[in-house]
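Heads up: the structure comes next, in structure tokens.
Here is how names work: the chains are called A, B, and so on, in the same order as the sequence lines, proteins then strands, and each is numbered from 1. Keep in mind that the numbers below use all heavy atoms, side chains included, and drop hydrogens, waters and symmetry copies.
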Number of protein chains: 2
Amino acid sequence: MSSVLAPRPPARKSFRETQFEVREEAILDATNRLLAIKGYEPMSMDDIAAEVGVAKGSLYKHFESKDALVSAVMVRLLQRTRLALAELATLATARERLEGLLRWTLQERLAGAVPHLPSTSQALRDSLLGHRLYVDELLQLSDDVSALIRDAKREGSLNADLDDEFILYTFYARSCDPTLDFLRQGGSIPDARIVDQMVAACFNGIGAAAPAASQEARA
Amino acid sequence: MSSVLAPRPPARKSFRETQFEVREEAILDATNRLLAIKGYEPMSMDDIAAEVGVAKGSLYKHFESKDALVSAVMVRLLQRTRLALAELATLATARERLEGLLRWTLQERLAGAVPHLPSTSQALRDSLLGHRLYVDELLQLSDDVSALIRDAKREGSLNADLDDEFILYTFYARSCDPTLDFLRQGGSIPDARIVDQMVAACFNGIGAAAPAASQEARA
DNA sequence: GTCTATACTGAGATAGAC
DNA sequence: GTCTATCTCAGTATAGAC
């Protein structure tokens, strides 16, 4: 009673608070996992609850809705991505930083992370755009990547004929490219080789580097 | 009565039969449209019925389930794609035929067709793989495209360092690339230019054609 | 064959005991 | 805060009249 008005130091978290946060992380992890495997619509709150090992009702003490939960997963993913990008700042050229970011993203997906996936589901996209935090994070990341693209063009390491906006969206699309899942499921190409080829194809395409001379003779 | 045993010429279709087929086409068209807009799971049979202007129950006289209906849409799409590929046989090189097919697919999508979309939904992919006709068509198309890829490599017009399987899946992924939708929604790049850049980026990548000499000096 | 009406299921969300 | 039990609603599929 006497302590009610005493200013408590905000530093130390109670055991219960810690437990709560640990569980919340577990929920986010489980959702991320299921999202990567099943996709947005087919993943039910029952699925998540079972994966975490918690009652479905309890999920709603942490997140007010399925959309909010998924949104939180995506926000965390975007934050991590920006962090990874910040750590790539040591690389010399913008081109290297772009390649590094794509490589990082693909490796994350191989490790079970959900793709950035604005692509996957129209309904999900609409839902996400209603969440302020998500939109803010996405805009910040897009700003960072756009700046990289401009720098790389100035370096002369990106095709100047392509629009910046085109390159930005293409970059996102490569991060979410389903080719990764198809090839991994196929199983005939080792993971590292898949990533190498995807990065190479993003920047150099699937065509031969130099136009083949034999082609002219053929016609 | 007397005509019951007489062999009727199978040639002429009754008015009712024609009507039935016309309506079936309309159902497939509407489903295709909604599929492109909303995606598989969010699209309900009610939506389809409303779009066609027919009672929901009637849909089940044409297709035994939602899955079967969607499967029929995809089969039709694959057949059209193979037809388009056949018409590209007049082009001189395999590389040109590949480029032409990608271009054709992207233009179809601009015109409202659904992407080939094995990517979109995991649940849909599983469902489709249970439909014999779909799997057959997909295998045939894949065989055709794989042959093209081998030919193009022989021409020297595709990067020989990339696995054939990688190129095949990448080609599919480019056909379904969400970049198209993002850019179209953005509205700042004309449709024709979007397609041009997507085809160019698929074969030549987003990197500069020749490695910039200035880059060396920079480090 | 097409319509209206309805059965049935799955899933998001809430209520109330502990 | 977590659990069990339940509400509500949307969506697939079917039944039955015409």
Side-chain angles (χ1 to χ4, degrees), chain A residues 13-31 33-35 37-74 120-124 126-128 130-131, chain B residues 13-31 33-35 37-74 120-124 126-128 130-131:
Chain A
K13 278 172 189 156
S14 74
F15 177 72
R16 290 195 80 89
E17 280 169 337
T18 307
Q19 280 298 95
F20 186 79
E21 284 165 21
V22 166
R23 178 159 294 192
E24 192 149 308
E25 278 293 305
I27 294 174
L28 290 172
D29 288 341
T31 305
R33 232 164 12 244
L34 290 170
L35 214 46
I37 298 172
K38 309 189 68 164
Y40 175 62
E41 283 100 359
M43 174 191 69
S44 71
M45 293 298 269
D46 286 283
D47 292 336
I48 299 171
E51 177 89 5
V52 183
V54 76
K56 179 165 63 163
S58 302
L59 295 179
Y60 288 88
K61 295 290 178 180
H62 291 263
F63 302 95
E64 67 176 351
S65 68
K66 180 183 178 182
D67 281 5
L69 170 51
V70 172
S71 165
V73 170
M74 298 306 296
T120 302
S121 157
Q122 180 61 49
L124 174 55
D126 294 346
S127 152
L128 286 175
H131 290 259
Chain B
K13 278 173 190 157
S14 75
F15 176 72
R16 292 194 79 88
E17 280 170 337
T18 307
Q19 278 299 93
F20 186 78
E21 285 166 21
V22 166
R23 178 159 293 194
E24 193 149 308
E25 278 293 305
I27 294 174
L28 291 173
D29 288 341
T31 304
R33 232 164 11 244
L34 291 171
L35 214 46
I37 298 171
K38 309 189 66 165
Y40 174 63
E41 283 101 359
M43 173 191 70
S44 72
M45 293 297 269
D46 286 283
D47 292 336
I48 299 171
E51 177 88 5
V52 184
V54 75
K56 178 166 60 165
S58 302
L59 295 179
Y60 288 88
K61 295 291 179 179
H62 291 263
F63 302 95
E64 67 177 352
S65 70
K66 181 183 177 182
D67 281 5
L69 170 52
V70 172
S71 164
V73 169
M74 298 306 296
T120 302
S121 156
Q122 179 62 47
L124 174 54
D126 294 346
S127 152
L128 286 175
H131 288 260

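- Residues satisfying the salt bridge (Lys or Arg N to Asp or Glu O under 4.0 Å) criterion with A:E51, sequence neighbours excluded, are A:R33.
- The CZ atom of A:F63 sits 12 Å away from the P atom of D:dT2 (whole-angstrom rounding).
- Distance, A:K66 NZ to C:dT14 P: 15 Å, rounded to whole Å.
- One atom, CG of A:L34, and another, C1' of C:dA11, lie 15 Å apart when rounded to the nearest Å.
- For A:E64, the salt bridge (Lys or Arg N to Asp or Glu O under 4.0 Å) criterion is met by no residue, not counting sequence neighbours.
- Distance B:D67 CG to D:dA13 C1': 12 Å, rounded to the nearest Å.
- Across the protein-nucleic acid pair, B:Y60 atom OH and C:dA7 atom P stand 17 Å apart, rounded to whole Å.
- No side-chain donor-acceptor contact under 3.5 Å links A:D29 to the backbone of A:A26.
- Taking the side-chain contact (heavy atoms from CB on, under 4.5 Å) definition, one finds that B:A50 meets it with nothing, sequence neighbours left out.
- The side chain of B:H62 contributes an N or O atom lying less than 4.0 Å from OP1 or OP2 of C:dT2.
- Scored by the salt bridge (Lys or Arg N to Asp or Glu O under 4.0 Å) test, B:E25 finds B:R76 as partners (sequence neighbours excluded).
- Atom P of nucleotide C:dA11 and atom CG of A:L59 are separated by 14 Å, given to the nearest angstrom.
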Could you list, one pair per line, each protein nitrogen or oxygen that sits under 3.5 Å from a nitrogen or oxygen of nucleotides 3-6 of chain C, together with the distance?
{"from": "C:dC3", "atom 1": "OP2", "to": "B:A55", "atom 2": "N", "distance (Å)": "2.8"}
{"from": "C:dC3", "atom 1": "OP2", "to": "B:S58", "atom 2": "OG", "distance (Å)": "2.7"}

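- Of the residues in residues 39-49 of chain B, those with a non-hydrogen atom less than 4.0 angstrom from any atom of DNA chain D are B:M43, B:S44, B:M45, B:D46.
- Remark: A:Q19 engages no residue in a side-chain hydrogen bond (donor to acceptor under 3.5 Å, both in side chains) (not counting sequence neighbours).
- When rounded to the nearest whole Å, the span between CG of B:L69 and P of D:dG11 equals 16 Å.
- The side chain of A:F20 has D:dG1 as its nearest neighbour among C:dT2, D:dG1, D:dT14.
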Acceptor/donor pairs from residues 53-63 of chain B side chains to any protein atom, 3.5 angstrom cut, sequence neighbours excluded:
{"from": "B:K56", "atom 1": "NZ", "to": "B:D46", "atom 2": "OD2", "distance (Å)": "3.3"}
{"from": "B:H62", "atom 1": "ND1", "to": "B:E24", "atom 2": "OE1", "distance (Å)": "2.8"}

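- B:P42 has its side chain out of reach of A:Q122: every pair of non-hydrogen atoms, C-beta onward, lies at least 4.5 Å apart.
- Take A:D67 and apply the side-chain contact (heavy atoms from CB on, under 4.5 Å) test, not counting sequence neighbours, and it matches A:Y40, A:S65, A:S127, A:H131.
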